[in-house]
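Let me begin by presenting the structure, written as structure tokens, before commenting on it.
Ligands are counted one by one from 1 in listed order, and the atoms in each one are counted from 1 as well. Nothing here was measured: the structure is a model prediction, and the numbers come from that model. All heavy atoms count here, side chains included; hydrogens, waters and symmetry mates do not.
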Amino acid sequence: MAGEYRLLLENARQLVLVCGRGEKYLLRAGMASLAVLQNASLVVGQDGYIKAVGQADVIRNQFSGATFERKIDCTGKCILPGLVDAHTHPVWAGDRVHEFAMKLAGASYMEIHQAGGGIHFTVEHTRKATEEELFNTFKHRLERMRRAGSTLVECKSGYGLNLETELKMLRVIERAKQSMDIGISSTYCGAHSVPKGKTATEAADDIIHNHLPKLKELKLSGEIHVNNIDVFCEKGVFDLDSTRRILQAGKDTGLQINFHGDELHPMKSAELGAELGAQAISHLEEVSDEGIAAIARAKCAAVLLPTTAYMLRLKQPQAGKMLNEGVIVALGSDFNPNAYCFSMPMVMHLACVNMKMSMNEALAAATINAAYALGKSDTHGSIEIGKQGDLVIINSSRCEPIGLGKLH
Ligand SMILES: N=CN[C@@H](CCC(=O)O)C(=O)O
Ligand SMILES: [Zn+2]
């Protein structure tokens with residue numbers, strides 16, 4: 001039945017706003033005391049945006065004559081903002097279980113990559129897959145992410161490397177953007193690896209002179225709308241100079257810079273990101289002290305990926321030091337054929353145990369700060385009037401169980 005408003009969530013024991021004063025991100029002090037209401041209700045309008053949040057009795061009086069398409073009794077339950085996954089590689093074909101066995105036997109990520117496996121293996125299979133096959137597996141993965149509480153997900157291309165397959169992946173992402181009930185921030189990651197037979201400089205030239213102009217053309221014709229540009233800045237992949245050229249060209253095309261840096265070797269990626277005005281840099285296991293200071297000053301988010309450090313037995317990113325130095329810390333699942341995790345609650349759990357973040361810090365990093373990393377904290381990442389009504393209701397009177405990796 002049609003109503004004046006789309007949704008009323010009533011009488012929640014706890015409603016975790018995360019923040020309530022229009023903050024774009026939270027630093028360590030703000031993460032320590034998240035905004036929380038007890039015995040609260042909220043209203044979502046027909047346009048999908050939050051219209052009112054407050055004490056249950058106040059909302060009841062304010063909306064006494066209103067009609068709602070749906071009402072949910074949240075007595076004894078806890079409401080949270082939808083989780084934001086700030087880093088995923090969810091469009092690909094072919095699995096890499098055989099490489100897991102190689103890693104368990106002692107091979108490193110880069111040894112497998114240099115021997116033609118890793119990203120190259122996935123590229124081979126993704127090039128051969130049809131658009132329909134890629135869409136069907138991607139859709140299933142997004143559904144699983146949503147079931148685990150994610151309502152906004154960053155999705156990268158990057159298993160094509162040539163223009164044809166990169167565009168195939170971006171069309172698949174665009175189709176999900178238009179047809180699925182989950183928010184997507186799309187990332188062109190054509191510089192995820194140097195294609196076989198090319199040098200990093202040749203690959204960078206191809207991206208700058210062929211890929212990026214095509215993306216601009218497709219944006220103007222309304223066919224594909226990409227939000228971010230990414231490069232894997234790593235020893236043996238894209239060096240600092242090629243990374244700089246690609247990211248600057250992407251920025252000139254109107255894309256937000258959001259790239260992989262300082263993961264396996266110190267590359268001065270963080271320093272470069274700060275210089276170029278990057279919105280976010282992911283990984284940062286090997287970031288320098290100067291890099292930490294630079295991204296703190298530049299308000300460039302650090303997207304930390306606990307599944308990668310766990311899976312590849314890397315040193316943990318220095319979350320505590322970054323938080324102490326004023327860095328905006330966000331989290332992502334890094335879902336990819338090498339790190340098969342759909343669940344942000346599990347990521348938050350790993351961030352608490354292995355990176356020593358508090359449960360509040362992990363929640364802020366998986367909501368408002370992850371939204372900031374995608375340039376979307378004006379509309380996502382907290383429960384505030386005017387923001388998108390992306391919500392998670394958990395069958396618990398408080399939000400802490402999510403820090404155990406649990407989504408009831
Ligand atoms: N490090 C580069 N890219 C991915 C891994 C992609 C893959 O191995 O397929 C990451 O973020 O972990
Ligand atoms: Zn990645």
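Interatomic distance, Ile182 CD1 to Asp390 CG, rounded to the nearest 0.5 Å: 9.0 Å.
Among the candidates Ser343, Ser333, Cys341, Pro90, the single residue satisfying the side-chain contact (heavy atoms from CB on, under 4.5 Å) test with Asp85 is Ser333.
The atom name of the N/O/S atom in His87 closest to the Zn ion (ligand 2) is NE2. Closest N/O/S atom of His89 to the Zn ion (ligand 2): NE2.
Residue pairs meeting the salt bridge (charged side-chain N to carboxylate O under 4.0 Å, His left out) criterion with at least one partner in residues 166-175, sequence neighbours excluded, are Glu131-Arg171, Glu132-Arg175.
For the side-chain hydrogen bond (donor to acceptor under 3.5 Å, both in side chains) test, no residue two or more places apart in sequence or in another chain qualifies with Gln316. Not a single side-chain hydrogen bond (donor to acceptor under 3.5 Å, both in side chains) links Asn39 to another residue, sequence neighbours left out.
In this structure, Tyr5 has its ring center under 6.0 Å from that of Phe68. Aromatic ring centres of Tyr159 and His125: separated by at least 6.0 Å.
Near ligand 1, residues His87, His89, Arg96, Tyr109, Ile119, Tyr159, His192, Phe232, His260, Glu263, His283, Thr308, Asp334, Asn336, Pro337, Asn338 each place a heavy atom inside the 4.0 Å sphere around the ligand atoms.
Within the 2.8 Å limit, His260 places at least one N, O or S atom next to the Zn ion (ligand 2).
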